[in-house]
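I have placed the structure first, in the form of structure tokens, so that the comments after it can refer back to it.
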Amino acid sequence: MEYGKPRRVSLEKLRAIQLKLAEKVVEEDCFDRLENICGLDVSYKEDKAVACAVTVRFEGLRKIEAAFASSKAYFPYIPTFLSFRETPILMKAVRRLREKVDVFMVDANGVLHPYFLGAASHLGVLLDKPTVGVTKKLLCGELLEPRRLESGVTMAPIVVKGRIAGAAVSVRGLKPVYVSVGHKVSLETAVRLVVETLRNRMPEPIRLAHTLSRAYARGCQQTLRT
DNA sequence: GCGACAG
DNA sequence: ATCTTGTCGC
């Protein structure tokens, strides 16, 4: 409700933290098997933040578990500082999961960020787990020439400060989603995972987390049943 | 200084 | 993100 109060930590300090954590990001595949994928998202209800972590089996995309966490939103939304708003509540939801997770998919950017540390990467480093970032709108960077892959998938690399930081991926001529490495995964694998879990505009794990966190925030018990 | 800007 | 109903279209 009121974020106007002076923060005890300056944005310059937070920027320094991002630069530090960005050095720890690993852009290579660091997982042997791919059985479960967990979608992550946060919804808001006035000044309350609700996070949902929903795990699905990669084969068939069937939901096998969902965990929630809620708290007051202590940090405002400030472009390029999203992780400081959502990482705490997402960590809380993830800790409540019981089933093993191989890769996390977050509704946020990974290294597709002006300082190469979007919320998906920030979370990945804190969890020390593989994460992929996916968004519906471009935060930064310039798109290179689109490339049509075999399965009718169109991919356009995105460059940030001279580095390929992500890719615009679109299927069946739909509006693209922006994919980037979060942590411990390669861009190639990140794109593959998104394409293989894409039923609608957003990959299924994230779409589910979005629906569930929103239902939880609005107290829709019925939707949360199954 | 100006404009852009994930959720 | 959120405030919000019906409605146009594949």
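No hydrogens, no waters, no symmetry mates; every other heavy atom, side chains included, goes into these values.
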(message) Using a heavy-atom cut-off of 4.0 Å across all strands, would you classify A:Phe81 as base, sugar-phosphate, or nothing?
(response) base
(request) Starting from P on B:dA4, measure out to CG on A:Leu82 and report it in whole angstrom. (result) 21 Å
(request) Ignoring backbone atoms, test whether A:Tyr77 places a side-chain nitrogen or oxygen under 4.0 Å from the OP1 or OP2 oxygen of B:dA6. (result) yes
(message) Quick check: do A:Lys136 and A:Asp107 have side-chain heavy atoms less than 4.5 Å from each other?
(response) yes
(message) Please report the distance, rounded to the nearest Å, between CZ in A:Phe84 and C1' in B:dA6.
(response) 14 Å
(message) What's A:Asn109 touching, base or sugar-phosphate or nothing? Going by heavy atoms closer than 4.0 Å.
(response) base
(message) Can you give me the dot-bracket string for DNA chain C, 5' to 3', counting Watson-Crick and G-U wobble pairs with both distances under 3.5 Å, using [ ] for crossing pairs and | for partners on another strand?
(response) ..........
(request) Determine the contact category for A:Ala120: base if any of its heavy atoms lies under 4.0 Å from a base atom, sugar-phosphate if only primed atoms, P, OP1 or OP2 are that close, otherwise nothing. (result) nothing
(message) Is a donor from one side chain sitting under 3.5 angstrom from an acceptor on the other, for A:Arg15 and A:Thr80?
(response) yes
(request) Rounded off to whole Å, could you give me the NZ-to-P distance for the A:Lys48 and B:dG7 pair? (result) 22 Å
(request) Ignoring the backbone of A:Pro79, work out which of C:dC3, B:dG7, B:dC5 is nearest its side chain. (result) B:dC5
(message) Could you check whether A:Arg207 pairs with A:Glu204 (Lys NZ or Arg NE/NH1/NH2 to Asp/Glu carboxylate O, under 4.0 Å)?
(response) yes
(request) May I ask you to evaluate whether A:Thr80 reaches the phosphate of B:dA6, defined as a side-chain N or O under 4.0 Å from OP1 or OP2? (result) no
(message) It should be established whether A:Arg214 places a side-chain nitrogen or oxygen under 4.0 Å from OP1 or OP2 of nucleotide C:dT2.
(response) yes
(request) Rounded to the nearest angstrom, tell me the gap between atom CG in A:Leu90 and atom P in C:dA1. (result) 14 Å
(request) Report which part of the nucleic acid A:His122 touches: base, sugar-phosphate, or nothing (heavy-atom distance under 4.0 Å, all strands). (result) nothing
(message) Ignoring hydrogens, what is the shortest heavy-atom contact between A:Ala119 and A:Ser83? Give both atom names and the distance.
(response) CA-CB, 3.5 Å
(request) Whole angstrom is fine here: how far is it from NZ in A:Lys45 over to C1' in B:dG7? (result) 18 Å
(message) Using ring centroids (six-membered ring only for Trp), state whether A:Phe84 and A:His122 fall under 6.0 Å.
(response) yes
(message) Categorize A:Arg172 for me: base, sugar-phosphate, or nothing, with a 4.0 angstrom heavy-atom threshold over every strand shown.
(response) nothing
(message) Could you tell me how far apart A:Leu139 (CG) and C:dA1 (P) are, to the nearest whole angstrom?
(response) 15 Å
(request) Round to the nearest Å and state the distance from A:Leu117 atom CG to B:dC5 atom P. (result) 21 Å
(request) Measure the distance from CD on A:Glu142 to P on B:dC5 and round it to the nearest whole Å. (result) 15 Å
(message) Please check if the number of heavy atoms outside A:Leu97 that lie under 6.0 Å from its CG is greater than 12.
(response) yes
(message) Given the ring of A:Tyr115, does A:Lys161 sit roughly above its face, with NZ or CZ under 6.0 Å from the centre of the six-membered ring and within 45° of the axis?
(response) yes
